[in-house]
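As a basis for the values below, the full set of heavy atoms in this structure was taken, side chains included, without hydrogen atoms, waters or symmetry mates. Ligands are counted one by one from 1 in listed order, and the atoms in each one are counted from 1 as well.
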Amino acid sequence: MPLTFTDVVVVLLTVLFYVEYRNRQKLKSLPPGPKRLPLIGNILQMPTSLEWEVYARWGKELNSDIIHLDVAGRSLVVINSMKIANDLLDKRSSIYSDRPILPMLHDLMGWEWLMSMAHYGELWKTQRRLFQQQFHPSNTAVYEDTVIEYVREFLSDVLDTPQNAITLSKRIPGGVALSLAYGFKVKRNDDPFVKLVEDALEPASLAAIPGAFLVDVFPFLKYVPEFVPGAGFKRKAKEWRQGMVAFKEGSFNEARSRLALGNTRSSLTSRCLQLLDTTKAIEPQLEVIKNAAGMIYAAASHTTISAIYTFFVAMLHYPDAMKKAQAELDSVIGHSRLPDFGDRENTPYITAVLKEVLRWQPATPQAVPHRLMQNDAYDGYAFLAGTVFVPNVWAMLHNEDDYPDPMTFKPERFLDSDNRINHQIQDPSVMAFGFGRRICAGMHIAEAIVWLTIASVLSSFDITPPIDDEGNKILPKLLYHSGISSYPQPFNAIFKPRSRDAESVIRAAEV
Ligand code: HEM
């Protein structure tokens, strides 16, 4: 007998009621969360901007450092405290180190090879090992000269076109990354590889946020054909996939041919190509090198530029901090040379500025999400395998107990009464760079780039806000874009050499 319309409605309602019943059962053992709607859960409340601040507010309202969000039946757990992040993501890292599968990013855009997004398995392990061998924290010689080179070129470029200083600063982490990955010397303007990789990365950063695309919430949508109305995301993904392939293959092939011609600097690609094991299949080895090299710009550039921009924004809002930093640099380094890494030990205030930059507006306010690999229980809660955990680094770094008056930029909070680094104060780096086995593999390089940029810029320039027609300062708004790495909205600043001597020192130091 054929089914009637009423039969279909009854079956459908039964299924829906069953799904909702199961969701409610699951929720009983989960952390508190904002009020949810049947079936779709919290989907309509999911914030689309400043997520980290909304999650922190929800945590306070619910009086819990761990909150649960139901995204149409999928569990998202936000961790607002460092202790819980340590308990789960560090101490139980053997089961909390996977990444969520995001159909838009992984399947449709083809970024499944990207180490920071990769599944916790053999491919990730091989890439991470390779990365650590090349950039071991003790092996500073591999990156310090490159960092010095790009920072000094930046200073000289700012002397030439001070009005472009903010845009020019992007070349510091971008140039260091392309140099470490492929041995390319990045052009001062319109570098073709920077363009290639930027075109590929912009959409990937967006798609890396869980729930940014509906297909991440309803994975079956990935099977909807491209011509169906509303499937525009598939056309976008196809175009973005081409960008990704062009960057990954194009940069690697160029590095390889330059190596063959002997026309390259030492880099991860060149060193790995020289160490190829000819007794084994070559193609899989090439694939690993290609992935690891492609990873470097992706992980290093947008995150580190965010921190550099935050440094500029902080100097505009807090000129007293800038003056104190300059006074320290003047007394330790003087006026006849630029800072270098040997000065790090003797400039605690600059180190404190670096720490406060990483804390005040963290470059990755929600770090990168982790995915639980097997069922687990914690503090009376039960989590199912597949639950996605978002470490709300912003909330941890704005915790009033560790950092009183957290919205204020105050490097002094990291110093003791003798103006030395106070090790009793929680170091922001233990949160700002993520957790457990997936912790940022390049954090020492990131800190080196940002430290040298702060020290070099402040020893040479004053940074002040532009002035409007009525004589008022135009200060940047403290509004940050959403994305895996978050950066301030466009702003302007005036960079003025501190003296004639400062100009001569910059010109003399250019390498
Ligand atoms: C201020 C700058 C930076 C910040 C804030 C930052 C932050 C992060 C965070 C939060 C993660 C994810 C950690 C987790 O899953 O818990 C990560 C992963 C990673 N970062 Fe960074 N990062 C920065 C710069 C860099 C640089 C300069 C490099 C390389 C030269 C780098 C290489 C990586 C790599 C390879 C991963 C993937 C680790 C994995 O999944 O195993 N990062 N970073």
Open item on the list: Tell me the protein heavy atom at minimum distance from atom 8 (C) of ligand 1, and give that distance in Å.
Closed with: Cys440 CB, 3.6 Å
Open item on the list: For Arg420, I'd like to know if atom CZ has over 12 heavy atoms of other residues, nucleotides or ligands within 6.0 Å.
Closed with: no
Open item on the list: Among all the protein's non-hydrogen atoms, which is closest to atom 10 (C) of ligand 1, and how far away is it?
Closed with: Thr364 OG1, 3.5 Å
Open item on the list: Students should be able to answer this: which protein heavy-atom is nearest to atom 28 (C) of ligand 1, and at what distance?
Closed with: Gly442 CA, 3.6 Å
Task: Residue and atom name of the nearest protein heavy atom (relative to atom 1 (C) of ligand 1), distance in Å to one decimal - done: Thr303 O, 3.8 Å
TODO: For the residue pair Phe184 and Phe193, categorise the inter-ring angle as parallel (less than 30°), tilted (30 to 60°) or perpendicular (more than 60°).
DONE: tilted
Task: Identity and separation of the nearest protein heavy atom to atom 6 (C) of ligand 1 - done: Phe433 CD2, 3.6 Å
Task: SB check Glu198 Lys170 (cutoff 4.0 Å) - done: no
Task: Sub-4.0 Å heavy-atom contact, His370 with ligand 1 - done: yes
Open item on the list: Determine whether the aromatic ring centres of residues His444 and Tyr143 are separated by less than 6.0 angstrom.
Closed with: yes
Open item on the list: Students should be able to answer this: which protein heavy-atom is nearest to atom 37 (C) of ligand 1, and at what distance?
Closed with: Ser116 CB, 3.5 Å
Open item on the list: Considering Arg438, Arg128, Met295 one by one, which has a heavy atom nearer to atom 34 (C) of ligand 1 than any of the others?
Closed with: Met295
- [ ] Taking all non-hydrogen atoms of both residues into account, name the closest pair between Met104 and Ala237 and its distance.
- [x] CE-CB, 3.8 Å
Open item on the list: Does the residue Arg99 have a heavy-atom contact with ligand 1, meaning some pair of atoms that are separated by less than 4.0 Å?
Closed with: yes
Task: Aromatic centroids of Phe389 and Tyr96 separated by under 6.0 Å - done: yes
TODO: Mind checking whether Trp124 contacts ligand 1 via backbone (N, CA, C, O), side chain (CB onward), both or neither, at a 4.0 Å heavy-atom cut-off?
DONE: side chain
TODO: For ligand 1, note which part of Ala432 has a heavy atom under 4.0 Å away: side chain, backbone, both or neither.
DONE: backbone
